[in-house]
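Written below as structure tokens is the structure these notes are about.
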Amino acid sequence: VSQSRYGGDLTFSAPKSISIMALVYDDKRLVEAHNKAVKNTLDEVEKNYLKTRFKKNGEITVESTGKIVAATFKHELSRDLDPQLHTHAIIANLTSDEKGKWRAAFFDEIYDNKKFLGLIYRSELARLVKDLGYDIEHRGKECLFEIKGVPDKMIDLFSTRSKTIRSMADDIVTGK
């Protein structure tokens with residue numbers, strides 16, 4: 001295991017309307033949908049993206065292992081204490097090869113595909129939310145969506161961190 005890299009963090013963040021309905025209006029089914037979407041995405045990482053790299057006959061070989069060592073940590077608040085359902089998946093720099101030998105994980109394909117993995121999470125979450133009977137509306141690129149009927153004013157009310165970041169960016173652009 002590399003002493004300089006102990007692992008990686010993939011963060012899966014639910015749309016603000018899901019956070020509001022799950023955490024403010026206490027729809028625990030949405031928390032479970034989020035958890036399931038995270039698990040399904042990590043299953044995809046384990047199956048198709050987690051690899052190890054080693055020298056074989058003098059050449060670097062990359063091999064799929066299909067064995068992830070990870071821990072998930074679910075959070076329900078943003079740094080500004082707004083409702084924000086999200087999960088950090090800490091993937092250890094550790095996997096075992098086909099012979100059961102422990103090796104360092106090779107993260108390049110995970111990081112090269114992190115936007116795609118985000119799409120997998122969001123599309124899985126959208127499907128699960130629709131299965132619960134909610135209507136969704138697509139917003140922007142990259143499979144972004146919100147629950148239909150959650151007012152934009154409410155989403156803005158619980159988005160103080162986004163407002164702070166936009167304000168700081170505006171100050172930088174205007175030279176304030």
In residues 125-137, what donor-acceptor pairs under 3.5 Å come from side-chain atoms, sequence neighbours left out?
residue: Arg127; atom: NH1; partner: Asp131; partner atom: OD2; Å: 3.2
residue: Arg127; atom: NH2; partner: Glu124; partner atom: OE2; Å: 2.6
residue: Tyr134; atom: OH; partner: Asp27; partner atom: OD2; Å: 2.5
residue: Glu137; atom: OE2; partner: Arg139; partner atom: NH2; Å: 2.7

**Request:** Could you grab the distance from atom NE2 of His86 to atom CG of Leu77, nearest 0.5 Å is fine?
**Result:** 8.5 Å
**Request:** Indicate the atoms forming the closest heavy-atom contact of Leu23 with Gln84, along with that distance.
**Result:** CD1-N, 4.0 Å
**Fill in**
Taken in chain and number order and not counting sequence neighbours, the residues that satisfy side-chain hydrogen bond (donor to acceptor under 3.5 Å, both in side chains) with Lys51 are Glu109
**Asked** So, do Pro15 and Leu144 sit near enough that their side-chain heavy atoms are less than 4.5 Å apart?
**Response** no
**Fill in**
To the nearest 0.5 Å, atom CZ of Arg103 lies from atom CZ of Arg53 at 12.0 Å
**Prompt:** Can you hop from Phe106 to Leu94 via hydrophobic side chains spaced under 4.5 Å?
**Reply:** no
**Fill in**
Shortest non-hydrogen pair, Ser19 vs Pro83, comes out as CB-O, 3.7 Å
**Message:** Can you pull out every ring-ring contact (aromatic ring centres under 6.0 Å, His included) where at least one residue sits in residues 7-58? Sequence neighbours excluded, please.
**Reply:** Phe12-Tyr121, His34-Tyr121
**Asked** Between Thr87 and His75, is any pair of side-chain heavy atoms under 4.5 Å apart?
**Response** no
**Asked** Can you name the nearest heavy-atom pair linking Thr41 to Ala37, along with the distance?
**Response** OG1-O, 2.8 Å
**Request:** Output yes when Lys28 and Asp26 qualify as a salt bridge under the 4.0 Å nitrogen-oxygen rule, no when they do not.
**Result:** yes
**Asked** How many angstroms lie between atom OG1 of Thr52 and atom CD of Glu98, to the nearest 0.5 angstrom?
**Response** 11.0 Å
**Item:** Flag side-chain contact, heavy atom, 4.5 Å: Ser96 against Lys101
**Value:** no
**Message:** I want to check something: taking the side chain as every heavy atom from C-beta on, are Ile68 and Ile91 in contact at a cut-off of under 4.5 Å?
**Reply:** yes
**Asked** Should the pair Asp43-Lys39 be classified as a salt bridge under the 4.0 Å nitrogen-to-oxygen rule?
**Response** yes
**Asked** Would Ile110 and Leu50 count as a side-chain contact (heavy atoms from CB on, under 4.5 Å) if you check the C-alpha gap in whole Å, the side-chain angles of each, and the deciding distance to 0.1 Å?
**Response** CA-CA 7 Å; Ile110 294 171; Leu50 192 68; 3.9 Å; yes
**Request:** Quick one: closest heavy-atom pair of Ala92 and Ala105, and the distance?
**Result:** O-CB, 4.1 Å
**Beyond-backbone contact of Tyr6 with Ile90, side-chain heavy atoms, under 4.5 angstrom** = no
**Prompt:** How about Thr11 and Asp9: do any of their side-chain heavy atoms sit closer than 4.5 Å?
**Reply:** yes
**Message:** Ignoring hydrogens, what is the shortest heavy-atom contact between Asp97 and Thr65? Give both atom names and the distance.
**Reply:** CA-CG2, 4.5 Å
**4.5 Å side-chain heavy-atom contact, Val38 and Lys74** = no
**Message:** Would you say that more than 12 heavy atoms from the other residues, nucleotides or ligands in this model lie under 6.0 Å from the NZ of Lys67, or not?
**Reply:** yes
**Request:** Can you establish whether the number of heavy atoms outside Tyr111 located under 6.0 Å from its atom OH is more than 12?
**Result:** yes
**Prompt:** Are any non-hydrogen side-chain atoms of Thr61 and Lys55 less than 4.5 angstrom apart?
**Reply:** no
